[in-house]
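Shown next, in structure tokens, is the structure this report addresses.
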Amino acid sequence: MNSIILYQSKYGATKKYALWLSEETGFACVETKKAKISDVRKYDTVILGGGIYASGIAGLSFLKKNIKELQGKKIIVFCVGASPYEEKAYREIAAHNMKGGLSDIPCYYCRGAWDTEAMSIVDRNLCNLLRKSVAKKDPKDYEVWEQALMAAGDEKCDWTDRKYIVPILEAAVN
């Protein structure tokens with residue numbers, strides 16, 4: 001199969017999933033930042049993975065910019081976030097990101113990791129501000145992502161699991 005996996009990973013979880021997919025399939029695996037559309041368009045299937053940051057999927061801009069050049073290709077997207085899967089939250093992320101020319105592209109969710117020590121100072125400060133804001137709410141009113149944020153705290157957590165790549169693999173080979 002003539003396929004490629006593109007990924008954009010800030011802290012490593014998305015890269016881990018991309019490498020697991022590559023390991024399982026033998027597909028080429030390239031960081032989105034290093035990808036050239038002239039090379040990518042040679043592939044029949046393009047899988048793109050990116051972390052979720054401020055409700056955006058990292059690396060998706062590559063698809064948006066080049067969607068016309070990828071017409072007729074099988075395209076699959078997966079996003080990686082620290083929260084446990086929750087249908088409503090996932091639909092909001094997908095609706096926010098997979099619109100226009102991307103609306104027919106399947107998108108999958110993989111749970112990632114959390115490591116405040118590895119975060120940039122900006123990300124760490126934003127997360128701390130967010131936690132302070134969430135802490136003002138009654139815990140019984142927390143959204144799923146807020147529960148995960150508060151539970152993780154400053155602990156290092158890794159929720160990556162190969163089970164999340166199963167539907168992506170099925171979509172790639174069917």
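- Between Tyr108 and Tyr164, the closest side-chain pair of non-hydrogen atoms is not below 4.5 Å.
- In terms of the side chain to side chain contact (heavy atoms under 4.5 Å, CB included) criterion, residue partners of Tyr142 (sequence neighbours excluded) are, by chain and number, Val134, Lys137, Pro139, Glu146, Gln147, Met150.
- Taking the side chain as every heavy atom from C-beta outward, Val122 and Asn125 never approach each other to under 4.5 Å.
- Among residues two or more places apart in sequence or in another chain, the salt bridge (charged side-chain N to carboxylate O under 4.0 Å, His left out) test is passed with Lys36 by none.
- For residues 61-73, the set of pairs meeting the side chain to side chain donor-acceptor pair (under 3.5 Å) definition, not counting sequence neighbours, comprises Arg41-Glu69.
- Here Phe62 is tied into one hydrophobic group with Ile4, Leu6, Val30, Ile37, Val40, Tyr43, Val46, Leu48, Ile52, Ile57, Leu60, Leu63, Ile67, Leu70, Ile75, Val77, Tyr85, Tyr90, Ile93, Met98, Leu102, Ile105, Tyr109, each link being a pair of ILVMFWY side chains closer than 4.5 Å.
- Around CG of Asp104, the count of heavy atoms belonging to other residues, nucleotides or ligands within 6.0 Å does not exceed 12.
- Using a 4.5 Å heavy-atom cutoff, the side chains of Cys107 and Cys79 are in contact.
- Contact check for Lys88 versus Glu143: side-chain heavy atoms found under the 4.5 Å cut-off.
- Residues Asp123 and Tyr11 have side chains that bring a donor and an acceptor to within less than 3.5 angstrom of each other.
- Summarising the geometry of Glu23 relative to Arg162, their closest heavy-atom pair is OE2-NH2, 2.6 Å, with the distance given to 0.1 Å.
- Residues meeting the side-chain hydrogen bond (donor to acceptor under 3.5 Å, both in side chains) test with Lys15, sequence neighbours left out: none.
- Between Arg131 and Thr116, the closest heavy-atom pair is NH1-CG2, 4.5 Å.
- Looking at heavy atoms from C-beta onward, Leu19 lies in side-chain contact with Cys29 at the 4.5 angstrom threshold.
- The two residues Ser83 and Ala148 come nearest to each other via the heavy atoms CA-CB, 4.1 Å.
- Remark: Val144 engages Pro84, Glu86 in a side chain to side chain contact (heavy atoms under 4.5 Å, CB included) (not counting sequence neighbours).
- Scanning all heavy atoms of the two residues, the minimum distance from Phe78 to Ala18 falls at CZ-N, 4.1 Å.
- Around atom CD of Glu117, no more than 12 heavy atoms belonging to other residues, nucleotides or ligands sit under 6.0 Å away.
- In terms of heavy atoms, Val80 sits closest to Gly112 at CG1-CA, 3.5 Å.
- Heavy-atom minimum distance, Ala13 versus Ala113: CB-N, 4.0 Å.
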